Amino acid sequence: MQGIKILGTGGYLPGKKVVNEDFTKIVDTSDEWIKTRTGMSERYVSDGEPTWYMGLKAAQQAIEAAGISVEDIGVIIDSSVSVDYYTPSMSCVIQGKLGAVNAMTIDINCACAGCVYGIDMAKRYLQSDENIKYALVIANENLTKITDYTDRSTCVLFGDGAAAIVMKRRDDALYSSFLGADGTGAKYLFARSIPPANAFMTGNGKVDDEFPESNSHYLYQDGREVYKFATKALPRALTTAAEKINFDLNELDAIIPHQANARIIETAAKNLGISMDKFIINIDKHANTSSASIPIALDEAVRDGRIKSGDKVGLVGFGAGLTFGAIIFEF
Ligand code: UT7
């Protein structure tokens with residue numbers, strides 16, 4: 001089996017910490033509601049840091065941990081739903097700041113499954129192109145800039161942050177992935193870009209996207225629909241990835257799920273028959289950082305020794321798109 005070796009991880013959290021109690025001053029909510037419904041207590045929010053900066057800082061730390069030369073990176077994949085520019089891409093901006101002169105750059109928009117999609121894409125580049133020695137996968141999110149702080153049903157949920165992974169190809173190593181999507185659920189979780197506008201427009205070509213009415217660029221979420229999807233997508237992605245290689249999920253040493261809601265993780269653990277002890281959860285400290293949530297948790301677990309070389313690890317993400325995906329690999 002062609003697998004991967006993660007050589008180094010890094011993370012960056014912005015400077016401002018917001019606790020549940022802080023929201024009680026701006027919307028009708030309570031620490032108790034947020035904690036019991038989501039498992040969240042604190043989150044870090046941008047204090048002015050742009051998305052690319054958080055990704056750059058995480059990438060620098062991951063490269064240092066990997067002990068490689070930045071010129072040897074052949075591909076940079078950046079995952080974000082909260083970029084700084086329509087163009088250039090986050091990966092290109094970060095490539096320039098890093099001096100990764102030999103790296104091609106790709107941005108992906110797979111929301112909370114973005115890191116899983118990114119690692120799997122990177123693995124395929126490493127596998128198919130002998131000239132690509134190392135891949136850098138970054139997930140950086142600035143969700144609070146697309147968060148509506150008058151909407152209590154979403155504003156308490158999101159935080160900002162970034163994490164990065166340096167990886168290389170490894171022969172004969174455990175690896176399986178399963179990636180999926182259900183675009184019929186796109187309307188349940190979205191943030192609009194600017195609508196069509198030009199000097200000659202009459203409006204006759206206007207098309208209804210059948211998404212709920214929303215004139216802003218803020219995140220809209222139908223929490224109940226996404227919750228239903230998530231509790232099914234999480235076990236389905238992991239189980240399908242395992243089945244592809246005849247792997248028993250109980251052999252995993254650690255599972256890092258997307259940190260959207262502690263209740264989603266508990267329900268999935270129960271349905272999978274896997275002990276909660278195997279799940280790495282940091283939602284209390286970070287809330288939901290979309291695609292950055294899995295690699296932030298991975299970086300923390302690697303740094304404090306909960307995940308170590310040789311461990312069998314499962315990563316599983318789900319979110320807007322709707323997208324979902326899981327990877328099983330040996331760390
Ligand atoms: O990261 C991408 C994937 N995202 C997810 O996986 C998120 C999935 N969804 C969820 O995690 C949950 O649906 C939420 C945490 C978003 C919401 O929890 P819920 O238990 O599904 O609550 P709800 O939307 O059913 O709302 C229950 C009640 C409502 O009041 P009524 O209608 O029962 O009177 C809401 O208005 O809670 C109310 N509510 C709040 N109350 C206090 C909603 N937000 C708040 C709040 N504080 N912040």
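Every value quoted in this text rests on a predicted model; they were computed, and no experiment measured them. We count ligands from 1, going down the list as the structure has it; atoms in each ligand are counted the same way. Nothing fancy with the numbering, it's 1 onward along the sequence.
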Do the ring centers of Tyr220 and Tyr188 come within less than 6.0 Å of each other?
no
Flag if over 12 foreign heavy atoms under 6.0 Å of [atom1], [X]:
| X | atom1 | value |
| --- | --- | --- |
| Glu225 | CD | yes |
| Tyr53 | OH | no |
| Tyr227 | OH | yes |

Please determine whether residues Ile4 and Tyr117 belong to a single hydrophobic cluster, defined as Ile, Leu, Val, Met, Phe, Trp and Tyr linked transitively by side-chain heavy-atom distances below 4.5 Å.
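Linked within one cluster.
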Would you mind listing each N/O atom of ligand 1 next to any protein N/O under 3.5 Å, plus the distance?
unit_1: ligand 1; atom_1: 1 (O); unit_2: His258; atom_2: NE2; d: 2.8
unit_1: ligand 1; atom_1: 1 (O); unit_2: Asn288; atom_2: ND2; d: 2.6
unit_1: ligand 1; atom_1: 4 (N); unit_2: Gln221; atom_2: OE1; d: 3.1
unit_1: ligand 1; atom_1: 9 (N); unit_2: Gly223; atom_2: O; d: 3.0
unit_1: ligand 1; atom_1: 11 (O); unit_2: Asn261; atom_2: ND2; d: 2.7
unit_1: ligand 1; atom_1: 13 (O); unit_2: Gly223; atom_2: O; d: 3.1
unit_1: ligand 1; atom_1: 20 (O); unit_2: Arg37; atom_2: NH1; d: 2.8
unit_1: ligand 1; atom_1: 20 (O); unit_2: Arg263; atom_2: NH2; d: 3.0
unit_1: ligand 1; atom_1: 25 (O); unit_2: Arg224; atom_2: NE; d: 2.5
unit_1: ligand 1; atom_1: 25 (O); unit_2: Arg224; atom_2: NH2; d: 2.8
unit_1: ligand 1; atom_1: 36 (O); unit_2: Arg152; atom_2: NH2; d: 3.0
unit_1: ligand 1; atom_1: 37 (O); unit_2: Trp33; atom_2: NE1; d: 3.2
unit_1: ligand 1; atom_1: 41 (N); unit_2: Trp33; atom_2: NE1; d: 3.3
unit_1: ligand 1; atom_1: 41 (N); unit_2: Arg152; atom_2: NH1; d: 3.4
unit_1: ligand 1; atom_1: 47 (N); unit_2: Thr29; atom_2: OG1; d: 2.6
unit_1: ligand 1; atom_1: 48 (N); unit_2: Thr29; atom_2: OG1; d: 3.1
unit_1: ligand 1; atom_1: 48 (N); unit_2: Arg152; atom_2: O; d: 2.9

Derivation and outcome, ring-ring contact (aromatic ring centres under 6.0 Å, His included), residues Phe329 and Tyr175:
CA-CA 4 Å; Phe329 68 104; Tyr175 188 92; 7.1 Å; no
